[in-house]
**Q** 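Take a look at this one; I'll ask things after.
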2 protein chains.
Amino acid sequence: MNLKQLSEMLGLSQTTVSRALNGYPEVNEATRERVLRAVQETGYRPNKAAQRLATGKAGSIGLVMPTAPGHYSDVHFGEFLTGLGEEAVRHDFHFVIMPADPDDEVGALRRLAISGNVDALFVAYMRGHDPRLPLLKSLSMPFLVHGRSFGIEPDYPYLDIDNEGAFYDATRLLLQLGHTRFCLLNGPEHLDFAIRRKKGVVSALAERGLELPENCTSHMSMTDEHGQFAMERFLQLPEPPTAILCSSTVLALGAIRAVTQAGLKLGEDISLIAHDDVLPHLKPENFSVPLTTTRSSLRAAGVRIAERLIGTVKQDGPFPEQELWKTELIVRASTGAAPR
Amino acid sequence: MNLKQLSEMLGLSQTTVSRALNGYPEVNEATRERVLRAVQETGYRPNKAAQRLATGKAGSIGLVMPTAPGHYSDVHFGEFLTGLGEEAVRHDFHFVIMPADPDDEVGALRRLAISGNVDALFVAYMRGHDPRLPLLKSLSMPFLVHGRSFGIEPDYPYLDIDNEGAFYDATRLLLQLGHTRFCLLNGPEHLDFAIRRKKGVVSALAERGLELPENCTSHMSMTDEHGQFAMERFLQLPEPPTAILCSSTVLALGAIRAVTQAGLKLGEDISLIAHDDVLPHLKPENFSVPLTTTRSSLRAAGVRIAERLIGTVKQDGPFPEQELWKTELIVRASTGAAPR
DNA sequence: GTTCGTTGTCAAAGCGCTTTGGAATTTCGG
DNA sequence: CCGAAATTCCAAAGCGCTTTGACAACGAAC
């Protein structure tokens, strides 16, 4: 069933039917009623490809999903996507997901953009000096960035959380509890959030005249295995840390395993604060020792990003170009006074 | 840059350029070279919407992502998607993801299908007597199902793992170890895999004249919280179980917490076997007591499904219509002889 | 009774691509 | 050197939709 058939069936022209469907005013209410009823009965749906070809829009936002053999799927990605989806479904938008090797993000993004398949672009996993940003700016297509790119003038639309502030606050709390030997379990070194979180820790320590030694920070993709591995290394240092900052509850899962296996008590021998993306399957309050966390819902960020992006495409704006969300520091049992 | 401009630039007709690009034989090699070079230089890419309109194909497979406020994002979904993506990227295919309320799966699927935006459909989270199956069959569009639908003649293309066999084998192992009191921590009741796994357990027990009482099975979405909650209930039964079967390592995570908090020893007081989808962030060998599991990689299934689906669209077939993968039963430390 | 807005409708052009049916050119056997 | 076959290219139609510009039909206004 296409427009032509439908209009013939109704004895109307395609124009009139199209207008009736798209809510144009210059069509008789009775006629519109009749058309709408026919659509109900026949189950007619406009062909999106044709619609896109004609209008240049088709209600889709594009994103690149990093994937490759050997590349870990990221729990955080799924959670974020759910948030995007939750909002998109309300507007009958969909996503075009282009899987791409992480080494070819720029190429994939360009292909996606000029494929004429999407109305707007979304990018995440920002890096320092991210090469996608110049591309995006040159593309004359709406886009929105989750995170920011350290080292590049923030003159692009983004939504980010205050990573630096979060880890600054967390570090200060641990300092107040008397800790002096810190370690940081961070995400991959090149990623923007990792850079900023480290910065937060370093500057809080600096205020007390302390440093974060190179061998007390570890950068890795955020799996529990990596967390355990790194924590084991930390515990073997000549002066092992008493305070741990951790970029994800997933990392914390592994790190805590290492702590326990070393016969240490979390919240007594070792204090730990993790960043909590509010992953539904991994709640900090459910850890055997409930975790003190800096919290910001990844999913909520997804919802908001979809909202802004869709709004931009539909020209519902204006939206704030930049948003920086504060995180909450929630104290639970994994932090305690430094052992003496 | 579009075809017309490109062809004018080259002094050729659109036809010739199009043919040169799409590998048709009736074009001079020298001409083809020239066209290809021009494409390189200009960065020309065909408009997918136009291509789709003209050919009816555009290299995309559609899937519905269940999502709603309050609906848990599912780790398994992300992992599976990564597998799909890994294969799709090799063929320059992409996904169109339509988010939809779980209550409106059928409607969303229909909309996606007749939107003219996808070449093939993929569905997962199959239920018993799944209403999407009749729809899919009536749609005259290639599709592939992950899982099966209990109660419907399996005359549709699917890829599934042998859920019943897996849990049958796991139960037998526990029986051989002398266990007699079993509990099953299962996924949502209406889902096909849950139905079959339960069936596997029940039939293995039946062979020994045992039953699985109603209050010894629990159906819920697979988060660690639910796992813990259900396990706590099981442990309060008048005759608590010594053997646990568990539909996911995520559930196991919570269940084990409950076991530990009850002061029981895993692998001694309680034996547990979980199904392992090979989630990279949750490896059974990394549990404090390494987990005995039935294993089948969800990601590998994703790769295979994409391979078949893309092959079908490209008419590369023939592919087997149905595939049933065996799982591996891997014994680790979480299973031991029944306590006496 | 003519003119002028309104209102409801339509025919046709155009979006960027593929593909059909033919035309122009080249090749080659006889 | 001619006619047929093979090669190389082109003009135009068509995919399903939106949108522009125009046209009847109808009162209202002069």
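Reminder, nothing fancy here: chain letters follow the sequence lines and each chain counts from 1.
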**Q** Which whole-number value in Å describes the distance from A:Glu26 CD to D:dA24 P?
**A** 19 Å

**Q** Quick check, are the ring centers of B:His129 and B:Phe150 under 6.0 angstrom apart?
**A**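 Ring centres of B:Phe150 and B:His129 not closer than 6.0 Å.
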
**Q** Take atom CZ of A:Arg32 and atom P of C:dT7, then tell me their distance rounded to the nearest Å.
**A**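 For the pair A:Arg32 CZ and C:dT7 P, the rounded distance is 14 Å.
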
**Q** Do the side chain of B:Ser149 and the main chain of B:Arg127 share a donor and acceptor less than 3.5 angstrom apart?
**A**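 Between the backbone of B:Arg127 and the side chain of B:Ser149 there is a qualifying donor-acceptor contact (under 3.5 Å).
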
**Q** Output the distance between atom NZ (A:Lys314) and atom CG (A:Asp119), rounded to the nearest 0.5 Å.
**A**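 It is 11.0 Å, given to the nearest 0.5 Å.
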
**Q** Mind calculating the distance between CD (B:Gln5) and C1' (C:dC15) to the nearest angstrom?
**A**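 Whole-Å distance recorded here is 13 Å.
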
**Q** Whole angstroms only, please: what is the CD-P distance between A:Glu29 and C:dG8?
**A**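 A:Glu29 atom CD is separated from C:dG8 atom P by 9 Å.
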
**Q** Any ion pair linking A:Asp160 and A:Arg148 (charged N to carboxylate O, less than 4.0 Å)?
**A** yes

**Q** Heavy-atom distance under 4.5 Å between the side chains of A:Met98 and A:Leu63, does that happen here?
**A**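 No, too far: nothing below the 4.5 Å cut-off.
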
**Q** Using five base pairs at each end to define the local axes, how bent is the helix from C:dG1-D:dC30 to C:dG30-D:dC1, to the nearest 10°?
**A** 60°

**Q** Round to the nearest Å and state the distance from A:Glu8 atom CD to C:dA11 atom C1'.
**A**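 Distance check: A:Glu8 CD to C:dA11 C1' gives 14 Å.
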
**Q** Restricting to nitrogen or oxygen on both sides, can you table the protein-nucleotides 16-20 of chain C pairs closer than 3.5 Å?
**A**
| from | atom 1 | to | atom 2 | distance (Å) |
| --- | --- | --- | --- | --- |
| C:dG16 | N2 | B:Ala50 | O | 3.4 |
| C:dC17 | OP1 | B:Tyr44 | OH | 2.8 |
| C:dC17 | OP1 | B:Asn47 | N | 3.1 |
| C:dC17 | OP2 | B:Leu3 | N | 2.3 |
| C:dT18 | OP1 | B:Asn22 | ND2 | 3.1 |
| C:dT18 | OP1 | B:Gln51 | NE2 | 3.1 |
| C:dT18 | OP2 | B:Ser18 | OG | 2.8 |
| C:dT19 | OP2 | B:Tyr24 | OH | 2.6 |
| C:dT19 | O4 | B:Thr15 | OG1 | 3.2 |

**Q** Would A:Tyr158 and A:His146 count as a close aromatic pair, with their ring centres under 6.0 Å?
**A**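 Distance test on ring centres: not under 6.0 Å, no.
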
**Q** Give a yes or no on whether the backbone of B:Leu279 and the side-chain of B:Asp277 come within a donor-acceptor separation of less than 3.5 Å.
**A** no

**Q** Could you verify whether a donor N or O on one side chain and an acceptor N or O on the other, from A:Thr16 and A:Ser13, lie under 3.5 Å apart?
**A**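 A pair is found: one side chain offers a donor N or O, the other an acceptor, under 3.5 Å apart.
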
